[in-house]
Amino acid sequence: EAQVTQNPRYLITVTGKKLTVTCSQNMNHEYMSWYRQDPGLGLRQIYYSMNVEVTDKGDVPEGYKVSRKEKRNFPLILESPSPNQTSLYFCASTGTTPYEQYFGPGTRLTVT
Amino acid sequence: SQQGEEDPQALSIQEGENATMNCSYKTSINNLQWYRQNSGRGLVHLILIRSNEREKHSGRLRVTLDTSKKSSSLLITASRAADTASYFCATDAGNNDMRFGAGTRLTVKP
């Protein structure tokens, strides 16, 4: 089954404690991205990756890092989380044509 | 920054009625996509319309695109309680530069 998986699904952590949210897709997609969703703001892109070892900033990259060492994985790293990073995070991968995005189930992060 | 702006922000209708949601955007696009999201879950792709298309159908969904007005509409006909969800438009300006709106929250009452 074609899917995007994220782990963990729920995470409560404290300010400053490094964390990683994993994302994996099994569709051999080249393009992957991370979004955060906040009430009233829709989805905002954090980082995206056009291919292995190619990453770029989206609209709200501050406080986040990513890596793309393999095609299927695109982890999101918060080196020093802060309460304003409390949000619902989605990973997505995109096929070449017709460019529809496949979303993971989401990770609800709370930083206290 | 957001590209698409959905209207209305919330819509409540009775089962069997049609639901229309609108999306306006600001810059030129390659295609526009509509997604559905059930509460707190991942988005699911519904339909894509390319910039050179004016109308597209998929089951009970009908999407229109007016590039001169930079707007699109999503019509759901004969709505069902299971259609209750948030609906987002997303614009693709090329290079997979996808921008989402804040969404329309649709409630279909049985």
Side-chain angles (χ1 to χ4, degrees), chain A residues 2-7 9-10 21 23-25 27 29-51 54-61 68 74 87-110, chain B residues 1-10 21-27 29-53 56 58 61 63 65 74 85-106:
Chain A
Q3 62 181 352
V4 178
T5 56
Q6 293 177 230
N7 281 292
R9 296 289 315 281
Y10 302 91
V21 184
C23 173
S24 182
Q25 51 95 3
M27 294 166 279
H29 288 164
E30 292 183 348
Y31 184 91
M32 298 183 73
S33 55
W34 275 102
Y35 295 90
R36 61 178 288 173
Q37 184 178 29
D38 302 288
L41 296 177
L43 277 79
R44 293 179 292 168
Q45 192 177 58
I46 303 170
Y47 267 95
Y48 63 94
S49 170
M50 302 285 283
N51 212 329
V54 180
T55 63
D56 216 337
K57 296 178 180 178
D59 293 326
V60 289
R68 188 88 182 276
F74 190 43
S87 187
L88 181 57
Y89 291 87
F90 289 101
C91 179
S93 72
T94 307
T96 51
T97 303
Y99 301 113
E100 64 179 86
Q101 293 201 65
Y102 293 81
F103 282 82
T107 294
R108 187 167 292 281
L109 172 65
T110 302
Chain B
S1 60
Q2 288 176 238
Q3 159 80 302
E5 296 284 342
E6 288 93 344
D7 171 58
Q9 291 186 338
M21 289 159 268
N22 302 298
C23 170
S24 59
Y25 58 93
K26 297 171 186 170
T27 63
I29 60 172
N30 282 359
N31 64 73
L32 184 144
Q33 303 177 34
W34 284 91
Y35 288 81
R36 165 197 168 116
Q37 182 184 34
N38 288 89
S39 182
R41 304 184 70 174
L43 279 72
V44 175
H45 181 265
L46 294 176
I47 195 165
L48 178 151
I49 187 164
R50 300 183 191 279
S51 61
N52 61 354
E53 296 175 315
K56 207 161 183 182
S58 176
L61 305 180
V63 169
L65 178 65
L74 171 67
S86 291
Y87 292 83
F88 295 86
C89 69
T91 54
D92 181 359
N95 289 330
N96 289 304
D97 181 15
M98 297 283 292
R99 302 295 177 98
F100 287 81
T104 292
R105 174 70 190 167
L106 173 65

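Throughout, a chain's letter reflects where its sequence line sits, starting with A, and its residues are numbered from 1.
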In Å and rounded to the nearest 0.5 Å, what is the [atom1] to [atom2] distance from [X] to [Y]?
{"X": "Asn31(B)", "Y": "Glu100(A)", "atom1": "CG", "atom2": "CD", "value": "10.5 Å"}
{"X": "Tyr35(B)", "Y": "Phe103(A)", "atom1": "OH", "atom2": "CZ", "value": "5.5 Å"}
{"X": "Met98(B)", "Y": "Gln45(A)", "atom1": "CE", "atom2": "CD", "value": "9.0 Å"}

Partners of Ser24(A) by side chain to side chain contact (heavy atoms under 4.5 Å, CB included), sequence neighbours excluded?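 Thr5(A), Arg72(A), Asn73(A).
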Residues two or more places apart in sequence or in another chain: which of them pass side chain to side chain contact (heavy atoms under 4.5 Å, CB included) with Asn38(B)?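 By the side chain to side chain contact (heavy atoms under 4.5 Å, CB included) rule, Asn38(B) matches Arg36(B), Arg41(B), Ala85(B).
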Distance-only donor-acceptor check, side chains Gln101(A) and Gln33(B), under 3.5 Å: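 No pair is found: no donor N or O on one side chain lies under 3.5 Å from an acceptor on the other.
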Where is the tightest heavy-atom contact between Leu43(A) and Phe88(B), given as atom of each residue plus distance?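 It is CD1-CE2, 4.3 Å.
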Which heavy atom of Ala102(B) sits nearest a heavy atom of Gly40(A), and at what distance?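 Heavy atoms of Ala102(B) and Gly40(A) come nearest at CB-O, 3.7 Å.
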Side chain / backbone / both / neither for Gln9(B) at chain A, heavy atoms under 4.5 Å: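 For Gln9(B), neither part sits under 4.5 Å from chain A.
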Where does Gln37(A) contact chain B at under 4.5 Å (heavy atoms): side chain, backbone, both or neither?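 Side chain only.
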